[in-house]
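Read the structure below first, then the notes.
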Amino acid sequence: MDRHHAGRHAALLFDGVSSLAERRLPNRHELDAAAPDHPVYIQGVFGNWGKPPGHSALNSCGLELNNIGSDTRPRIGGVEIEVDAQGAPTGIIVEHNNRPTVEFDILPAVPRFGFTDRLEGVRRSQRLYNTKGTTSIYEGHGSAAETISVYRRLWELNELTIRAGLVLSPSWNDLTEARRIMRDWLPSARGSGLGDRWLRVSGIHIAYGGDPVVACCARAHLPDTGWSGFVEQAVSPSDFREACFLAAEFDLRLHTIVGDQLHEIVPVLRAVNERHPIAERRWVIEHVGRARPEDIRALKELGVYVTTIPTYYLWKGGSKYLNEADGGNGVVPHRAILDAGIPMAIATDNIPYDPFFTLWTTCAREERSTGRVIGPDQRLDAHTALELFTAAGAALTFDEGWKGRLKPGFAADLAVLSDDSTTLPPAELKDLSCLLTIVDGRIVHDVR
C-alpha cells in the first residue's frame, strides 16, 4: 500500500460485494461450474478492515465437507446461511459480526493457519511495517500462546526487525483456573515481564464482556485463532472484577479494552486500588472511546496508562458519535487526557497499519462518510501526535530509558520521512511516506 493510495485502499474494503459488477458473490452452482470436483471457499472480508456484513461463498463440495445442509443452524448470532426457495443453501454465508466467527462455528473443514503459516505471516508483516517507519510494536490486546511462540521463534533465529512488546491472552475457563495459572504458571509475566530489547512479554489482557458462544466455539479450535492472534474471551462484570483482584494479587499488570465502558471499569479499578495499590504497576486502559471528565480524573489518580486507536473510533466508526451533545469532545479525548497528565500513546490497531493515516486522523478527527469533525477541541498538532506515536509508546513496555528518542545512549531506531510532519497542513499528513528505516543501527527499509 503506497502513500498515494493509503486512504483509498482502506475505503475500498467498505464496499464489500457491492463493488463487484454483479453486486454479489457467486453461488454454489456458479462455483460448481468452475470447479465441480474440488472444494471452493471464498473468505469474507474481515470487518475491522471494512464494515460488516462480510460475505463468504462455498461450492457444493465445500458445503458437503462442512456438513452444511438445509437443517444447519449456526450457533453464533450474526451468522446467516442463505437458502433458496426450496430451503437449500445457496453457498452464500453472511457474517454480520465485526470479527468473523463463521469458520469457528460452521466451517471446521476450512484449512487452518499453522505455526509455519503464522511464522511467514509475521516475517512479511515486519517488512510492511518497516516500510512505514515502524521500529517497535506493542500488542496490548493480548497474544495467544501460539502467537507468542511465533515471535519467540523469530527472536531465536535473530530475524526480528521490529522490537515487540507482547501481552498474554489467557485461555482459562473460570476464576479457579485463572488463580492457579496466575499463581503457578505466569511468574515470567509479572511486573515488567521477561525479555530483552527485542522481545518482552508482560502482563495479561482481560476482556470486559464478550459473547460466551463465540468464546466457546473459538477456543475449541485452539491453537488456531483464526484471523486474530488472541484468544476470544467472554467475561462477565463480576468475573472481570474478581480477575482484576487476582491480577493485582499476583503482580500481573492489567490490560483491558474499555471502548465506551470506561465509566464501568473505573469503579473496579478504584476497588482494586484500595486493597492493592496500582499506581506503580503501569496498568493499561486501552481503546478508549467515550470518557467522562470524572473518569479521566480517576485514571490520573490511579496512575494508569492509556492507549487509543483514533482511526477505529473517529474515522472508521465515528458515525455513531456524530450527534454527541458535546460535539464529540468526550470521544477519544486526547487533549483532555494529556491535560490531566495521564501517560498516553496512540496506535494504528492495524486499521490500516500505515501510521501516517492515524497521525492525520489524530489531528483532523474527521469521520469517514461525512468528513465532519468529531470533538474539535480534542484535535492535536502534528508534533504532539508524533510524540504519542513514538516516544510515549516506549513506556508501555518499560523501555523509555533506552528507546523512543534520538539522544546519546538510546537505541539507534529511526525513520526518515518524505517531509517534516510538524510543518505540513493536517490534510497532507496521510500522504507522508518513509524513505529509510533503521532498527538497532541496521537498515531494514530503504527506498533508494
Side-chain angles (χ1 to χ4, degrees), residues 13-18 20 22-115 117-118 121 141 144-147 169 171 173 207 209-235:
L13 299 177
F14 289 95
D15 299 331
V17 296
S18 64
L20 302 176
E22 298 85 352
R23 303 183 69 82
R24 64 173 180 83
L25 290 184
N27 61 36
R28 65 186 297 180
H29 305 295
E30 292 161 327
L31 292 175
D32 287 347
D37 302 319
H38 302 279
V40 174
Y41 170 56
I42 300 175
Q43 189 177 39
V45 172
F46 167 34
N48 269 11
W49 298 326
K51 183 179 180 180
H55 293 72
S56 301
L58 299 97
N59 67 351
S60 296
C61 286
L63 291 172
E64 183 177 352
L65 276 174
N66 288 283
N67 295 313
I68 296 177
S70 300
D71 58 348
T72 302
R73 299 291 180 269
R75 293 166 291 175
I76 295 174
V79 177
E80 173 190 349
I81 300 174
E82 289 192 355
V83 296
D84 59 23
Q86 289 72 45
T90 65
I92 305 296
I93 301 174
V94 183
E95 171 90 52
H96 295 279
N97 302 309
N98 200 45
R99 297 205 295 267
T101 63
V102 62
E103 292 179 13
F104 294 140
D105 190 355
I106 58 174
L107 300 178
V110 171
R112 291 338 199 208
F113 289 112
F115 182 87
D117 299 314
R118 293 189 183 277
H141 196 163
E146 184 83 345
T147 304
S169 181
S171 60
N173 294 308
D211 187 324
V213 179
V214 172
C216 181
C217 290
R219 289 170 185 232
H221 291 272
L222 290 175
D224 177 64
T225 59
W227 65 269
S228 72
F230 57 82
V231 180
E232 288 285 352
Q233 297 183 45
V235 185

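Keep in mind that the numbers below use all heavy atoms, side chains included, and drop hydrogens, waters and symmetry copies.
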Crowding at CD, Glu64 (>12 non-hydrogen neighbours, <6.0 Å):
no

One should read off an interatomic distance between Asp105 CG and Leu107 CG, to the nearest 0.5 angstrom, of 8.0 Å

Among side-chain atoms of Thr90 and Arg24, is any donor-acceptor pair under 3.5 angstrom?
no

If you look at every heavy atom in Pro26 and Leu31, which pair is closest and at what distance?
CG-CD2, 3.7 Å

Ignoring hydrogens, what is the shortest heavy-atom contact between Ala57 and Ile92? Give both atom names and the distance.
CB-CD1, 3.8 Å

Given Gln233 and Arg219, is the side chain to side chain contact (heavy atoms under 4.5 Å, CB included) satisfied, shown in steps?
CA-CA 9 Å; Gln233 297 183 45; Arg219 289 170 185 232; 3.8 Å; yes

Apply side chain to side chain contact (heavy atoms under 4.5 Å, CB included) to Glu95 and Asn97, showing your working.
CA-CA 6 Å; Glu95 171 90 52; Asn97 302 309; 2.5 Å; yes

Which one of Val213, Ile106, Thr101 satisfies the side chain to side chain contact (heavy atoms under 4.5 Å, CB included) criterion with Arg75?
Val213

Verdict with supporting geometry, Thr225 and Arg118, side chain to side chain contact (heavy atoms under 4.5 Å, CB included):
CA-CA 11 Å; Thr225 59; Arg118 293 189 183 277; 3.2 Å; yes

With sequence neighbours left out, the residues meeting ring pair (Phe, Tyr, Trp, His ring centres under 6.0 Å) with His141 are His205, Phe230

I'd like to check Ile93 versus Val79 (side-chain heavy atoms, cut-off strictly below 4.5 Å). Are they in contact?
yes

Passing option when His221 is tested against Phe104, Phe113, Trp227 for ring-ring contact (aromatic ring centres under 6.0 Å, His included)
Phe104

In the structure I gave you, are the side-chain heavy atoms of Pro108 and Asn66 within less than 4.5 Å of one another anywhere?
yes

